S.K.: 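Right, I'll just put the structure down here and ask away after.
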Amino acid sequence: MNITKSETESKILRAVRELGSSPLTEAGVVEHIHPLFSRSLDRNQSSDEIYLANHSLGRPLDEIADRVANSLDAWYTDLDGAWDLWLKERDQFRNCVASIAGCSQADAVVPKTSAGQGLRAVINSLPESKPNIVSTRGEFDSLDFILKSYAHKDRATVQWVDANNEGLYQTDQIIASINQETDLVVLSLVCFVTGQLITDIHRVVEAAHQHDALILIDAYHGFGTLPIEFDKLGADFMVAGNYKYTRGGPGACFLIIHPRHLSSDGGVPNPGSLFTTDTGWFAKKDPFAYRRQDTPEYASGGDAWLEATPPAIVYAQANPGLELVDAIGMERVRKYSLEQQQFLVDKLNEVGVQTESIPQHGAFILIPTQNGQEVVTQLKANGVNVDARPCPQSGRWLIRLCPDMLNTQAELIEAAKRVCRVFEELKA
Ligand SMILES: Cc1ncc(COP(=O)(O)O)c(C=O)c1O
């Protein structure tokens, strides 16, 4: 499968072409990109809420409703003929994810319904029946829980790397935990609580490989908000998904396998090699030949990592957001995000709200507080939709605020005033 763009220019591609190729400005984004979100933006008029939880659930484009309806219409009108459209949407999904993640081989992108499902497929591909895994205390709950359940069932040994007193992870400490016994390293590119970006993650990849270990990177808080070069980084696996920065809703996640691990011919793998038991008939060689031999014969390339019948309509839900981000380009998305974040930090600081400064970070800013849940409830009651997470070890709460292309500076100024009012009332 090659990376291709759709032949007819969609509304999204036209809007991005008309936006031009210069760095993003609020005027340009409002004129060209906002009309793609009329339904999401209508809510602003009716609710008076300022949405800054874009790092949690991204806001949907209008096009999603049309594309999903189209996929459903095909079912009503074409019945099993709908599979042609559904699989075309799936291929487009793989193409777009590969392009955004810097992966040269689109079939190396294997759709999953969650990032955790990708992690399980990887653990269940390892030759070792009880692998030694190195990970950090800062992984998202889903991956953290999966690793703990494997350890509890005696199906893995997990060595956990702790954060320092500020809740940050030190690359050297992660590297020092990897040794000859290590089979797999599981590490976030951007930590979900603090937003810490592991800028020298390539050093962890190199260290893992020096010890013949594999490495899986959880890029959920990086994908669609900052440039990622998967091939160049050389990690063995990457998991992420689309309900945050690429506005694709839940269920549209993926695992990427480095092309060097993919076989161009497929066939029956050596039992001691890297192939997953999280599988199903879509991973078979020639699935529609219905051959039943006693040894599993896998498809070639990344298709060997597919599973059973896929949730085919979810790709229509995810593709518009992927197409938008891919067309704008990650460098521009990242630059605009950093400018918006700095603007919000400045406005908060001007009204006396202290923010936590993490020099290299993802797409959200932080406000430390004693009681995250209470503050978030009050902020929502005052029309600022954000969330908060406790640091895994210290329990210290951090409120996460993520402006995105739909937020204007006027909104961010108003949000800062509302946050200040709530903090004064709560003395938080
Ligand atoms: C870093 C990170 N990884 C993974 C996930 C989601 O994991 P899953 O798709 O397994 O629910 C999230 C969700 O917020 C996340 O922040």
Side-chain angles (χ1 to χ4, degrees), residues 52-59 93 97 100-101 109-124 133 135-150 160-161 163 167-169 174 184-198 201 204 215-226 228 230 235 237-256 276 278 307 310-311 314-315 317-318 321-322 337 358 360-366 372 376 385-392 398-402 404:
L52 292 174
N54 298 292
H55 58 280
S56 177
L57 183 67
R59 287 176 275 183
F93 174 85
V97 169
I100 295 168
V109 175
V110 177
K112 296 279 169 194
T113 55
S114 67
Q117 199 189 13
L119 171 63
R120 290 197 302 276
V122 167
I123 299 177
N124 295 340
I133 300 176
S135 192
T136 78
R137 293 282 179 198
E139 302 311 311
F140 179 68
D141 294 53
S142 187
L143 283 82
D144 176 85
F145 196 73
I146 289 169
L147 291 176
K148 284 174 181 161
S149 66
Y150 270 80
W160 299 101
V161 178
L168 304 179
Y169 294 89
I174 300 167
L184 179 69
V185 178
V186 176
L187 178 63
S188 284
L189 174 64
V190 177
C191 301
F192 79 103
V193 174
T194 60
Q196 179 193 359
L197 168 63
I198 313 283
I201 202 160
V204 187
I215 177 162
L216 176 147
I217 292 178
D218 178 355
Y220 222 121
H221 270 290
F223 181 74
T225 192
L226 48 84
I228 295 176
F230 177 74
F237 306 104
M238 183 170 277
V239 290
N242 284 292
Y243 66 67
K244 301 178 184 297
Y245 308 106
T246 50
R247 309 155 187 284
C253 301
F254 55 86
L255 161 70
I256 313 183
T276 186
D278 276 20
E307 295 192 18
V314 82
Y315 311 116
Q317 170 195 301
L322 286 165
S337 158
I358 309 261
Q360 303 288 342
H361 65 278
F364 54 87
I365 64 154
L366 302 170
V376 165
N385 191 337
V386 292
D387 65 13
R389 295 287 179 269
C391 287
L398 293 168
I399 300 173
R400 309 186 296 180
L401 305 90
C402 175
D404 84 341

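One-based numbering, in listed order, for ligands and for the atoms of each. On a predicted model such as this, the values are computed, not experimentally measured, just so you know.
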S.K.: Is it true that Glu139 lies under 4.0 Å from ligand 1, counting heavy atoms only?
M.R.: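 Contact absent.
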
S.K.: With rounding to the nearest 0.5 Å, note down the distance linking CG in Leu255 to CG in Leu119.
M.R.: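 So the CG of Leu255 and the CG of Leu119 are separated by 9.5 Å.
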
S.K.: Return the closest protein heavy atom for atom 4 (C) of ligand 1 as residue, atom name and distance.
M.R.: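 Nearest neighbour among protein heavy atoms for atom 4 (C) of ligand 1, to 0.1 Å: Tyr220 CD1, 3.3 Å.
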
S.K.: Please lay out, stage by stage, how Glu139 and Leu187 fare under the test side-chain contact (heavy atoms from CB on, under 4.5 Å).
M.R.: CA-CA 7 Å; Glu139 302 311 311; Leu187 178 63; 4.1 Å; yes

S.K.: Give me the residue, atom name and distance of the protein heavy atom closest to atom 1 (C) of ligand 1.
M.R.: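 For atom 1 (C) of ligand 1, the nearest protein heavy atom comes out as Asp218 OD2, 3.3 Å.
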
S.K.: Looking only at protein heavy atoms, which one is nearest to atom 9 (O) of ligand 1, and what is the separation?
M.R.: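 Here the closest protein heavy atom is Ala115 N, 2.8 Å.
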
S.K.: Nearest 0.5 angstrom please: Ile215 CD1 to Ile133 CD1, how far?
M.R.: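 So the gap between those two atoms works out to 12.5 Å.
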
S.K.: Mind checking whether Phe192 has an N or O less than 3.5 Å away from an N or O of ligand 1?
M.R.: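 Checking ligand 1 against Phe192, no N or O pair falls under 3.5 Å apart.
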
S.K.: Considering non-hydrogen atoms of the protein only, which is the closest contact for atom 13 (C) of ligand 1, and what is the distance?
M.R.: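 The closest one turns out to be Tyr243 OH, 3.2 Å.
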
S.K.: What I'd like to find out is whether the side chain of His361 reaches to under 4.5 Å of the side chain of Thr194, using heavy atoms alone.
M.R.: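 Of all side-chain heavy-atom pairs linking Thr194 with His361, none is under 4.5 Å.
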
S.K.: Quick check: do Leu189 and Leu226 have side-chain heavy atoms less than 4.5 Å from each other?
M.R.: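 Yes. Closest side-chain heavy atoms under 4.5 Å.
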
S.K.: How far is atom 14 (O) of ligand 1 from its nearest protein heavy atom, and which residue and atom name does that atom have?
M.R.: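 Scanning the protein heavy atoms, the shortest distance from atom 14 (O) of ligand 1 goes to Lys244 NZ, 2.8 Å.
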
S.K.: Look only at interatomic distance and state if Leu143 has a nitrogen or oxygen under 3.5 Å from any nitrogen or oxygen of ligand 1.
M.R.: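 Checking ligand 1 against Leu143, no N or O pair falls under 3.5 Å apart.
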
S.K.: Could you tell me whether His221 and ligand 1 have an N or O pair separated by under 3.5 Å?
M.R.: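 Yes, since at least one N or O of His221 sits under 3.5 Å from an N or O of ligand 1.
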
S.K.: Over 60° means perpendicular and under 30° means parallel, so classify the ring planes of Phe364 and His55, tilted if in between.
M.R.: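 His55 and Phe364: tilted rings.
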
S.K.: Report yes if some heavy atom in the side chain of Asn124 is under 4.5 Å from a heavy atom in the side chain of Tyr150; otherwise report no.
M.R.: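 Yes, at least one pair of side-chain atoms sits under 4.5 Å.
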
S.K.: Look at atom 15 (C) of ligand 1 and say which protein heavy atom is nearest, naming residue and atom and giving the distance to 0.1 Å.
M.R.: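 Ranked first by proximity to atom 15 (C) of ligand 1 is Phe140 CG, 3.4 Å.
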
S.K.: Which heavy atom of the protein is the closest neighbour of atom 11 (O) of ligand 1, given with residue, atom name and distance?
M.R.: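 Heavy-atom neighbour on the protein nearest atom 11 (O) of ligand 1: Ser142 OG, 3.7 Å.
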
S.K.: Check whether any side-chain heavy atom of Val97 sits under 4.5 Å from a side-chain heavy atom of Phe223, and report yes or no.
M.R.: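 A side-chain contact exists here, since the closest heavy-atom pair is under 4.5 Å.
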
